[in-house]
Number of protein chains: 2
Amino acid sequence: METLTIGEMAARSGVAPSALRYYEREGLLHAARTGGNQRRYERADLRRIAFIKIAQQVGVSLDEIREALAELPENRTPTKADWSRLSSRWRHRLDERIAMMERLRDQLTGCIGCGCLSLQRCHLINPRDRLAARGTGPQMILNPPSDKP
Amino acid sequence: METLTIGEMAARSGVAPSALRYYEREGLLHAARTGGNQRRYERADLRRIAFIKIAQQVGVSLDEIREALAELPENRTPTKADWSRLSSRWRHRLDERIAMMERLRDQLTGCIGCGCLSLQRCHLINPRDRLAARGTGPQMILNPPSDKP
DNA sequence: CTGCAACTTGAAGTGCACTTCAACTCAAGC
DNA sequence: GCTTGAGTTGAAGTGCACTTCAAGTTGCAG
């Protein structure tokens with residue numbers, strides 16, 4: 001009797017019912033059905049939804065999120081350990097993304113300091129266009145030199 | 001004679017010609033025209049494009065970016081000071097967003113530590129659901145308590 | 001002067017993440 | 001048992017940020 005209707009889930013998670021149905025179609029979520037074919041969610045599904053929202057905040061597509069969630073056990077309610085394993089990977093994603101944004105910020109500040117704002121071929125930071133061979137755009141930020149010497 | 005064609009701009013900025021035309025339609029970019037109606041960009045426009053890319057990385061819509069760029073002078077090439085003014089605002093956006101992602105990361109780690117992963121009503125961090133009145137979803141992350149006591 | 005790659009336009013198409021709609025069914029309170 | 005708010009479906013629509021296409025034009029190299 002610990003089940004929730006789609007409306008209750010929507011209220012508690014902040015995600016519209018239509019979105020929850022969409023997630024189900026996309027395989028991110030699964031709900032049991034009543035005799036009358038209505039969805040009944042378990043409380044644990046709120047965790048899944050929270051996870052989805054967080055991952056989206058980080059800029060991850062539903063496709064990738066689905067893949068990640070696929071690692072959770074299907075037959076039993078995920079345990080703390082299940083979530084821990086999954087989440088430590090996402091901590092890395094978050095760390096990476098945070099690092100990228102910090103580079104972004106520092107470049108923005110730095111290059112504005114020198115007045116160039118080029119961010120891809122700043123002569124102060126990148127004297128000889130050595131990044132030109134590594135693709136177009138703001139390479140230093142999206143793909144910092146330390147990654148590939 | 002310091003002008004660049006759309007193809008050259010695309011190559012140097014990593015943004016497709018079609019996207020550059022799109023940006024122009026959307027009012028983010030403006031190019032002079034030759035007698036034969038072809039676009040000719042100035043080198044300074046690379047900065048605009050770099051700025052657009054950066055802002056997008058931060059998750060800002062083209063609409064907002066257009067508004068920000070509208071603050072730059074139209075009749076003259078933006079100076080270092082113009083860019084500085086504009087960019088300091090964006091540094092703030094970046095800082096905010098970085099802070100949000102750090103909260104996100106810490107919550108993820110913390111709530112996984114306690115096994116709840118609820119991120120909106122974790123009993124360790126938020127003993128009495130005091131956030132419930134402030135909207136749905138992961139309030140602590142998107143809108144931390146320190147913002148509004 | 002010719003040829004060809006690079007440019008031009010408007011219109012239509014794409015992918016993602018949903019939302020809206022119409023028509024219908026379910027479940028719970030009176 | 002009836003009403004009513006909440007749920008169901010598939011199909012179509014939305015908004016953003018582009019991309020693709022067709023049909024035509026431009027500009028530079030030879």
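In the text below, chain A, chain B and the rest are named by the order of the sequence lines, each starting its count at 1. This is a predicted model, so every value here is computed, not measured.
With sequence neighbours left out, A/R25 forms a side-chain hydrogen bond (donor to acceptor under 3.5 Å, both in side chains) with no residue at all. Residues meeting the side-chain hydrogen bond (donor to acceptor under 3.5 Å, both in side chains) test with A/T34, sequence neighbours left out: none. Residues satisfying the side-chain hydrogen bond (donor to acceptor under 3.5 Å, both in side chains) test with A/D63, not counting sequence neighbours, are A/R66. Qualifying side chain to side chain contact (heavy atoms under 4.5 Å, CB included) partners for A/E96, counting only residues two or more places apart in sequence or in other chains: none.
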Q. When every nucleotide of nucleotides 15-25 of chain C is labelled 5' to 3' by its protein contacts under 4.0 Å (heavy atoms), B for base, S for sugar-phosphate only, - for none, what sequence of letters results?
A. --BBBB-----
Name each donor-acceptor pair under 3.5 Å that joins a side chain in residues 67-75 of chain B to protein atoms two or more places apart or in another chain, with its distance.
| residue | atom | partner | partner atom | Å |
| --- | --- | --- | --- | --- |
| B/E71 | OE1 | B/R89 | NH2 | 2.3 |
| B/E71 | OE2 | B/R89 | NH2 | 3.2 |

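OP1 or OP2 of D/dA6 has not a single side-chain nitrogen or oxygen of A/T5 nearer than 4.0 Å. The side chain of B/R39 places an N or O atom within less than 4.0 Å of a non-bridging phosphate oxygen (OP1 or OP2) of C/dT8. Considering only side-chain N and O atoms, B/T34 lies nowhere under 4.0 angstrom from the phosphate OP1 or OP2 of D/dT26.
Taking atom CZ of A/R33 as the reference point, atom C1' of D/dT8 lies 8 Å away to the nearest angstrom. Taking atom CG of B/L4 as the reference point, atom P of D/dG27 lies 16 Å away to the nearest angstrom. Atoms CD (B/E8) and C1' (C/dA6) sit 11 Å apart, rounded to a whole Å.
The residue among B/G35 and A/R40 whose nearest nucleotide of DNA chain D lies closer to the 5′ end is A/R40.
Side-chain atoms of B/L46 and B/Y41, non-hydrogen and from C-beta on, never get closer than 4.5 Å to each other.
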